[in-house]
Undergrad: 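This is the structure I want to talk about, given as structure tokens.
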Number of protein chains: 2
Amino acid sequence: MKDNRSLLEDLALESVQRHGLKALSFRTLADEIGIKSSSVHYYFPEKSDLAEVLIARYRDELFSSLQAIELQSSSLKKKISAFITIFERVAKDDRLCLCGMLAAEVEHLSEHNKQLLASLFSDMEKWLTRTFELQRTSINSSLTSAQLARASLSGLEGALLVDRAMGNHRRLKAQKEFILSQLT
Amino acid sequence: MKDNRSLLEDLALESVQRHGLKALSFRTLADEIGIKSSSVHYYFPEKSDLAEVLIARYRDELFSSLQAIELQSSSLKKKISAFITIFERVAKDDRLCLCGMLAAEVEHLSEHNKQLLASLFSDMEKWLTRTFELQRTSINSSLTSAQLARASLSGLEGALLVDRAMGNHRRLKAQKEFILSQLT
DNA sequence: GTCTATATACAGATAGAC
DNA sequence: GTCTATCTGTATATAGAC
């Protein structure tokens, strides 16, 4: 049995990935677990406090996935495939990546949360850059590892975005083929 | 001197590309040209009516740009470069592509506007697919023209999205290099 | 076309009782 | 921790006068 704090975080994360932070309401959130909105404010005084927790949680779970990839996969192609699997799971769940959704709403974020978001993107890119660079010889492209990392991450974010509007997963599939076609 | 209808459309388009449709307020819009919100309802009875006009306008301007590209550019690389220029202009103006922003907010669109958005994406992909296919011999990739089109468009949308969160244009630049690296 | 006035709904947030 | 009650702000939308 989970405590209310965790339940609220779970529901909030799902809601933000589906409908956005601006559309998230403390009232609706409270209704979903049968408490009042004032009780939600007990856990998260302001909406920005909740957003901060969501970003931190997403970051933690993401980084443990990345560590698992480093341990389990050997070839570069396998590592990048496993990385893309993270996005495929998000797509299957009819969600956007939290980062992608917040990026669309960046003008509504607190300054602090804007920085957290930027550093999360930056760290994902760094992981990709390092992963590419460590097995650079497996790459067949004129681009630098950093450029490939930037294009790959933003490409996957865009694929999730457009696929949601189109009701299928064709762009994520195309993006995956595109990225993997650069690796041997 | 533009009429109020056009002024409202201009301001609304800019606002949606920057802050999203959900954040767009008839009151604020009215204030910006010195009329009352009830007068905005005279032109656009409901918010979804305004959104529909914005999508149609965006579509018209986009397609005339695409036609110009077909007439002016010869090589495939030049055509695709010119296509990417459209996104570079959007980025320089600190906006998102209207389609990308609405895709993030797709759960809040009316059924009709959801369809308009999907068909706009679809037509952009068709244009790209046709353009790639017509000069297929200039492409150095194992992907089909349709897959390249899907990956390119969603990649550019994602680049705009992530770049906004990061405060620079590095992902759009990387995406451009990535796409053009497949063309001879 | 534009206004005033208003109905209605919902948002974030807080005070204070239990 | 959770509640009731409330303040305050803002949103969409409409009726009816000018």
Side-chain angles (χ1 to χ4, degrees), chain A residues 1-55 98 101-102 104-114 116-117, chain B residues 1-55 101-102 104-114 116:
Chain A
M1 189 59 183
K2 277 196 163 183
D3 58 6
N4 279 349
R5 169 172 246 121
S6 305
L7 283 176
L8 288 171
E9 289 176 14
D10 292 344
L11 290 168
L13 182 60
E14 179 186 339
S15 179
V16 172
Q17 287 186 257
R18 292 226 174 95
H19 315 292
L21 181 65
K22 200 169 168 54
L24 179 73
S25 142
F26 272 35
R27 280 215 212 312
T28 310
L29 210 51
D31 283 349
E32 289 185 86
I33 64 168
I35 61 174
K36 295 294 170 181
S37 71
S38 51
S39 301
V40 180
H41 282 283
Y42 167 77
Y43 296 106
F44 312 101
E46 301 185 15
K47 209 180 188 180
S48 57
D49 298 311
L50 174 53
E52 184 175 338
V53 169
L54 295 186
I55 297 172
L98 178 70
M101 183 59 92
L102 294 183
E105 299 183 286
V106 73
E107 309 262 347
H108 307 291
L109 294 182
S110 69
E111 275 311 310
H112 183 227
N113 283 333
K114 259 185 233 184
L116 291 179
L117 177 64
Chain B
M1 190 61 183
K2 277 196 162 182
D3 57 6
N4 279 349
R5 169 172 247 120
S6 306
L7 282 177
L8 288 170
E9 289 176 14
D10 292 344
L11 289 168
L13 182 59
E14 179 185 339
S15 180
V16 173
Q17 287 186 257
R18 292 226 174 97
H19 315 292
L21 182 65
K22 200 169 167 53
L24 179 73
S25 144
F26 272 34
R27 279 216 213 310
T28 310
L29 211 49
D31 283 350
E32 291 184 86
I33 63 166
I35 61 174
K36 295 294 171 181
S37 71
S38 51
S39 301
V40 180
H41 283 281
Y42 167 78
Y43 297 105
F44 313 102
E46 302 185 14
K47 208 180 188 179
S48 58
D49 298 311
L50 173 54
E52 185 176 337
V53 170
L54 295 185
I55 296 171
M101 182 60 91
L102 293 183
E105 300 183 287
V106 74
E107 310 262 347
H108 307 291
L109 293 183
S110 70
E111 276 310 312
H112 184 227
N113 283 334
K114 261 184 232 185
L116 291 179

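Per chain, numbering begins at 1; letters A, B, ... match sequence-line order.
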Undergrad: Rounded to the Å, how far apart are Arg27(B) CZ and dT4(C) P?
TA: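 From Arg27(B) CZ to dT4(C) P: 12 Å.
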Undergrad: Checking contacts here: which listed nucleotide (dG12(C), dT2(D), dA11(C)) is nearest the side-chain heavy atoms of Thr28(A)?
TA: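 Selected nucleotide: dA11(C).
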Undergrad: Over how many whole Å does the gap from Leu50(B) atom CG to dA13(D) atom P extend?
TA: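 Distance check: Leu50(B) CG to dA13(D) P gives 11 Å.
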Undergrad: Roughly, in whole Å, what's the span from NZ in Lys47(B) to C1' in dA11(D)?
TA: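 Value for this atom pair: 8 Å.
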Undergrad: Would Phe44(A) and Glu9(A) satisfy side chain to side chain contact (heavy atoms under 4.5 Å, CB included), going step by step from the backbone distance to the final call?
TA: CA-CA 10 Å; Phe44(A) 312 101; Glu9(A) 289 176 14; 3.8 Å; yes
Undergrad: Can you find a donor-acceptor pair, distance only, under 3.5 Å between Ser38(B) side chain and dT4(C) base?
TA: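 For Ser38(B), whose side chain was compared with the base of dT4(C), there is a donor-acceptor pair (under 3.5 Å).
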Undergrad: Taking only the side-chain nitrogens and oxygens of Tyr42(B), find out if one of them lies under 4.0 Å from OP1 or OP2 of dT14(D).
TA: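 Result: no.
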Undergrad: Roughly, in whole Å, what's the span from NE2 in His19(B) to P in dA11(D)?
TA: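 Value for this atom pair: 13 Å.
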Undergrad: Identify whether any heavy atom of Ser39(A) sits under 4.0 Å from a base atom; if not, whether one sits that close to sugar-phosphate; answer base, sugar-phosphate or nothing.
TA: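 The residue Ser39(A) makes base contact.
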Undergrad: Closest-nucleotide mapping onto DNA chain D: is Ile35(A) or Ser48(B) further toward the 5' terminus? I mean the 5' end.
TA: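 Residue closer to the 5' terminus by nearest nucleotide: Ile35(A).
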Undergrad: Using a 4.0 Å heavy-atom cut-off across all strands, classify Phe26(B) as base, sugar-phosphate, or nothing.
TA: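 Result for Phe26(B) = sugar-phosphate.
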Undergrad: Think Asn4(B) has a side-chain N or O under 4.0 angstrom from the OP1 or OP2 of dG1(C)?
TA: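 No, outside the criterion.
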Undergrad: Given atom CZ of Phe44(B) and atom P of dT2(C), what is their separation to the nearest angstrom?
TA: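 The distance from CZ of Phe44(B) to P of dT2(C) comes to 12 Å, rounded to the nearest Å.
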Undergrad: Around atom NZ of Lys36(A), are there more than 12 heavy atoms of other residues, nucleotides or ligands at under 6.0 Å?
TA: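 At most 12 heavy atoms, drawn from other residues, nucleotides or ligands, come within 6.0 Å of this atom.
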Undergrad: Choose from dT2(D), dG12(C), dA13(D) the nucleotide whose nearest atom is closest to any side-chain atom of His41(A).
TA: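 Side chain of His41(A) sits closest to dG12(C).
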Undergrad: Checking Asp31(A) against Thr28(A): is there a side-chain donor and acceptor pair closer than 3.5 Å?
TA: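 Looking only at side-chain atoms, Asp31(A) and Thr28(A) do not form any donor-acceptor pair under 3.5 Å.
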Undergrad: Heavy atoms from C-beta onward define the side chain here; which of dA13(C), dA11(D), dT14(D) lies closest to that of Glu46(A)?
TA: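 Nearest to the side chain of Glu46(A) among the choices is dA13(C).
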Undergrad: Examine distances only and state if a side-chain atom of Glu32(B) and a backbone atom of Leu11(B) form a donor-acceptor pair shorter than 3.5 Å.
TA: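 No: the side chain of Glu32(B) does not pair with the backbone of Leu11(B).
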Undergrad: Select base, sugar-phosphate, or nothing to describe what Leu24(A) touches, counting heavy atoms under 4.0 Å on all strands.
TA: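 Touches sugar-phosphate only.
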Undergrad: Given atom NZ of Lys36(A) and atom C1' of dT2(D), what is their separation to the nearest angstrom?
TA: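 So the two atoms are 11 Å apart, to the nearest Å.
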Undergrad: Taking atom P of dT2(C) as reference, at what distance in whole Å does atom CG of Asp31(B) sit?
TA: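 These atoms are roughly 14 Å apart.
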Undergrad: How long is the line joining CG of Leu8(B) and P of dT2(C), in whole Å?
TA: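 Leu8(B) atom CG is separated from dT2(C) atom P by 9 Å.
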Undergrad: To the nearest 0.5 Å, what is the distance between NZ on Lys22(A) and CE on Met101(A)?
TA: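 Going from NZ on Lys22(A) over to CE on Met101(A), the span is 13.5 Å.
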